Amino acid sequence: MQSVYGEYGPPGAVEMPLPNQYDAGVAQRPYDVEAVRALFPILDRPVRGRPLVYLDTAASAQKPSQVIEAERSFYTEDYANIHRGLYFLSQRATECYDAARRKVQGFLNARHPHEIVFTRNATEAINLVAASFGEASMKEGDEVVITGLEHHSNIVPWQLSRQKKGIILKVAPVDDHGEVPLDGFIQLLGPRTKLAAFSHVSNALGTVLPVADMIRAAHRAGVKVLIDGSQSIVHLGADVQALDCDFIAFSGHKLYGPTGIGVLYGKEELLDAMPPYQGGGDMIAGVTFENTTFAPLPTKFEAGTPAIAQAVGLGAAIDFLTRLGLDRVHAHETALLDYATSRLSEVKSLSIIGAAANKASLISFVMEGVHPHDIAHVLDGDGIAIRAGHHCAQPVMARFGVPATARASFGLYNTAGEVDALVDALKRVEALFLP
Amino acid sequence: MNNDAVVRDLYREVILNHSRRPRNRRTMAACSHAARSENPACGDEISVFLQMNDRGVIGDIAFAGQSCAIATASASLMTEVLAGKTAAQARALFDRFLAIATGGAQAPLDGMEVELEQLTTLSGLRDYPVRVTCATLPWHTILAALESAKEWK
């Protein structure tokens, strides 16, 4: 289609040039973590007088200049509300927003751009499915199957459905390695099971679930599947056609993109059959006080002015990751995970929680006689940021008999030197607390 | 301030000592007041038990539970400071402790200089607002116990 902007060229968000120090030829060279780090301004910021060692990417990833610049440039050059004005900027903003949707479509290999619904985050995407798919397809006594590794975002929405509609929530058991055995999951799939909703990667333990097998098993039982891709999408990506999942949810901020933007992918025929999640502007085709006809997908699910600039930023994050190469990033992170797992064995009082054969690049651990909060606190004094607590996954903590764990997670900018700094600091924690 | 100094400022020897060897960490089979609290942010939980004597003074005080070094040390210090105090004195000491922990204005408390000095060991918390909730958890728990309308058996 001929762009309406002619001589102005495509909107900035469609072609986001990378800064000079990181050219497109990078994919042909070995992974250069120092060059990658140079793209993240916050990594230059000292913390408590020390260089920042950011090991909490699983909670939220830091942002590369490309993402920061995409939002800045959108506000500076292209901003207006979308889907409304007949004027230049509104059309340009609409084109930027639609381009971001097509980038997500490409990233997930979805059949259609309108199968991509923008939400605030993964939590809202899951709530959307619980409310709207629940309304369309579930009644009292129907069952939803989750796993014992879920974080609260994939537990509480189903508990709310249980209260509202009387659905039954079943939980697939977790073994001592922190894995979900396939047979335990399959046993729960019954004639009244309408949906299986589970993480691809556990945020608390790093376990990679066998989602392809789980999806096949669910489909054989006539059960639809929602994948919580919050932790996985940044490491493993997702090909929704190859996986054949019915829904997938993820947050932009864990993908090196902005906060306030998330994605729900759903198969067209399922989204079409679902009622709107919220009412308001943009999601309607026509309104009288007697009746409203709803807009087609995806705007049926995007009531009100959405997070436009954040969607543009998410598009830039996807460009960034795609150019870097998700498989190269994953190889880098896996090498760090293996190195960290091996070096942490030097800390005698430390035990790693979760020994799955296939793990994403995060390590949950406890130290005998030292509370995780105290570990995180002492590390903070060294400029090292790790997570401590229940990771919004209290049932996982209960399964392993701990109130909380400390968690170090690795992203595409972390280095072996940072793993060394972590290990040194943990040895000092040991010396400080253990008599 | 370098790292060792930052960490030492909060994890002073006296704090580490109280967290490694907490005073009055036990349950009480019979007591006049008790309460249990949880810190939803971290899952820590603490129970406090106290026996008020007939003069309205805390005769015996103890705590139990699972918590971080800061909460444990704070609970341990609290039991030492509150033994022999009335409910009103406990509330006044908590107000002063809150000021110490958050870097707020510290009003004097006549006759309690020694107690305030003890609580000042936790003044390093003022740089860590998130950890203030750890240190105040035992205090909130004991105030809840004191304010519970009916006596606990």
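Letters go in sequence order (proteins before strands), and every chain restarts at 1. Just so it is clear, the model here is predicted, and its values are computed rather than measured. Just so you know, these numbers use all the heavy atoms, side chains as well, and skip hydrogens, waters and symmetry mates.
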Look up atom CG in A/Asp374 and atom CD1 in B/Ile15, then write down how far apart they are to the nearest 0.5 Å.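 Nearest 0.5 Å value for the CG-CD1 distance: 10.5 Å.
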Are there over 12 heavy-atom neighbours, none belonging to [X], within less than 6.0 Å of that residue's [atom1]?
X	atom1	value
A/Glu368	CD	no
A/Arg387	CZ	no
A/Arg45	CZ	no

Proximity breakdown for B/Ser67 and chain A, heavy-atom pairs closer than 4.5 Å: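 Backbone of B/Ser67 only, per the 4.5 Å heavy-atom cut-off to chain A.
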Heavy-atom distances under 4.5 Å only: say whether B/Ile70 touches chain A with side chain, backbone, both or neither.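 Backbone plus side chain of B/Ile70, per the 4.5 Å heavy-atom cut-off to chain A.
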Looking at every heavy atom in both B/Arg20 and A/Leu432, which two are closest together, and how far apart are they?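 Residues B/Arg20 and A/Leu432, closest heavy atoms: NH2-O, 2.6 Å.
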Decide whether B/Asp44 and A/His373 meet the rule of one side-chain donor and one side-chain acceptor closer than 3.5 Å.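 There is no such pair between these side chains.
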If the plane angle is over 60° it's perpendicular, under 30° parallel, otherwise tilted; pick one for B/Tyr11 and A/His377.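 Ring orientation of B/Tyr11 relative to A/His377: perpendicular.
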